[in-house]
2 protein chains.
Amino acid sequence: MRHDSRLSRMLHVLIHMDRHEGAATSETIAAMLNTNPVVVRRTMAGLRDKGYVRSEKGHGGGWTLGRPLSEMTLLDIYEAVGQPAVFAVGPACDQPACLVEQAVNAALSEAFEEAEKLLLSRFGKVTLADIARDFDARMARYPESAARAGAGWHT
Amino acid sequence: MRHDSRLSRMLHVLIHMDRHEGAATSETIAAMLNTNPVVVRRTMAGLRDKGYVRSEKGHGGGWTLGRPLSEMTLLDIYEAVGQPAVFAVGPACDQPACLVEQAVNAALSEAFEEAEKLLLSRFGKVTLADIARDFDARMARYPESAARAGAGWHT
DNA sequence: TTCATTCGCAACAACATAAGTTACAAATCT
DNA sequence: AGATTTGTAACTTATGTTGTTGCGAATGAA
């Protein structure tokens, strides 16, 4: 099963937007993510609905941040992109009549729910500003990449 | 993304096999899982390779347990079915040149790895005998289902 | 006003993967 | 020999993410 990369992509975009003056068009963002402007609009729509970004039509329009990175957590963005299923494995049947299967589902659910709880709780504690800070640290460590990274919109 | 149900199915089958005398054919198992004999053989092949089950061809052949349920953990079976990807969400790119994306991947990986570690560690602590015991408890609580559940091969 | 720019959205195609199916060979037992 | 049963390859189906096309609506500039 190919995994869902929307969360990763949106985090990437948001941090770039924070480091960039003015609005970014879907076209620009798509080039950065190696994808299509329509995919960008589709995915960013969820973030717009929650107020994390704003969009403007027409000349000079595009996408801008709706609030500072310090006020967005991984959990916020995860939810804004549609709370995709966390796990790629799950039960064969949701309401099995078979008691064996019920016991199996119970054992699996318990483990999965615990792991999901941990994951989301951790997501809730990490802000995009934290990631941006890590980016700054990486840029300081690798000055040869810094030129590219600091030059605005890029890969 | 539809999830992978192989782990769930194999746990289900193994416990039924434990409660059943003699070999079970792929046909019988497939009927129980509402699937196809070939899917059963394909999935059980992994368990056979690890010795959790044995298969015999020809008359009176079929599948039997290779060791007691108390000596199989959820982790064992998870690995035997091919260690499917645990998570349905992941990075857009595995080796990004972009330092922002690297920072994003690092933040996500850290959270995912921690959750996966917890999940697999928990899997390692649960034996199939534990699940079978839970099944016994459920059967005691719901005697009306017990007749069906105890009658050998069923759904 | 007219025109270029840009988002919004519906509809459809491409692609990946789990699951289901068909067909046949090989092994085993009666 | 013949029936049963697994082993496996090849193909099809189903589902979900991603990619693409097309067109409408809004915005700003000339």
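Each chain gets a letter, A, B and so on, in the order the sequences are listed, and its residues count up from 1.
- Side-chain N/O atoms of Ser26(A) include one lying less than 4.0 angstrom from OP1 or OP2 on dC7(C).
- How far CG of Asp4(B) is from CZ of Arg9(B): 9.5 Å, rounded to the nearest 0.5 Å.
- With sequence neighbours excluded, the residues forming a salt bridge (Lys or Arg N to Asp or Glu O under 4.0 Å) with Glu114(A) are Arg122(B), listed by chain and number.
- Shortest non-hydrogen contact noted between Ser8(A) and Asn105(B) is OG-OD1, 3.9 Å.
- Within 4.0 Å of Arg54(A), counting heavy atoms only, lies no atom of the nucleic acid at all.
- Distance CG (Leu7(A)) to C1' (dT18(D)): 16 Å, rounded to an integer number of Å.
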Please table the atom pairs, donor to acceptor, closer than 3.5 Å between any side-chain atom in residues 45-69 of chain A and protein atoms at least two apart or in another chain.
| unit_1 | atom_1 | unit_2 | atom_2 | d |
| --- | --- | --- | --- | --- |
| Trp63(A) | NE1 | Ser26(A) | OG | 3.0 |
| Arg67(A) | NH1 | Glu71(A) | O | 3.3 |

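- Computed from coordinates, the Asp4(A) CG to dT15(D) P distance equals 19 Å when rounded to whole Å.
- Look at Arg9(B) and you won't find any side-chain N or O under 4.0 angstrom from OP1 or OP2 of dA18(C).
- Put simply, the side chain of Glu27(A) never gets that close to the backbone of Pro37(A): no donor and acceptor are under 3.5 Å apart.
- In this structure, CG of Leu47(A) is placed 14 Å from P of dC7(C), rounded to the nearest angstrom.
- Nearest-nucleotide positions on DNA chain C for Gly62(A) and Arg6(B) put Gly62(A) closer to the 5' end.
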For nucleotides 21-30 of chain C, 5' to 3', base contacts (B), sugar-phosphate-only contacts (S) and non-contacts (-) with protein non-hydrogen atoms under 4.0 Å give BBB---BBB-

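- Distance NE2 (His3(A)) to C1' (dT17(D)): 11 Å, rounded to an integer number of Å.
- Considering only side-chain N and O atoms, Ser5(A) lies nowhere under 4.0 angstrom from the phosphate OP1 or OP2 of dT17(D).
- Note: CD (Glu27(A)) to P (dC7(C)) measures 8 Å, nearest angstrom.
- Atom CD1 in Ile29(A) sits roughly 11 Å away from atom C1' in dC7(C) (whole-Å rounding).
- At a cut-off of 3.5 Å, with distance as the only test, a side-chain donor of Thr25(B) or Thr28(B) sits close to an acceptor on the other residue.
- One finds a side-chain N or O of Ser55(B) lying less than 4.0 angstrom from the OP1 or OP2 phosphate oxygen of dG7(D).
- Straight-line distance from the CG atom of Leu33(B) to the P atom of dA18(C): 18 Å, rounded to whole Å.
- Under 4.0 Å is where a charged nitrogen must lie from a carboxylate oxygen, and between Asp130(B) and Arg133(B) at least one such pair does.
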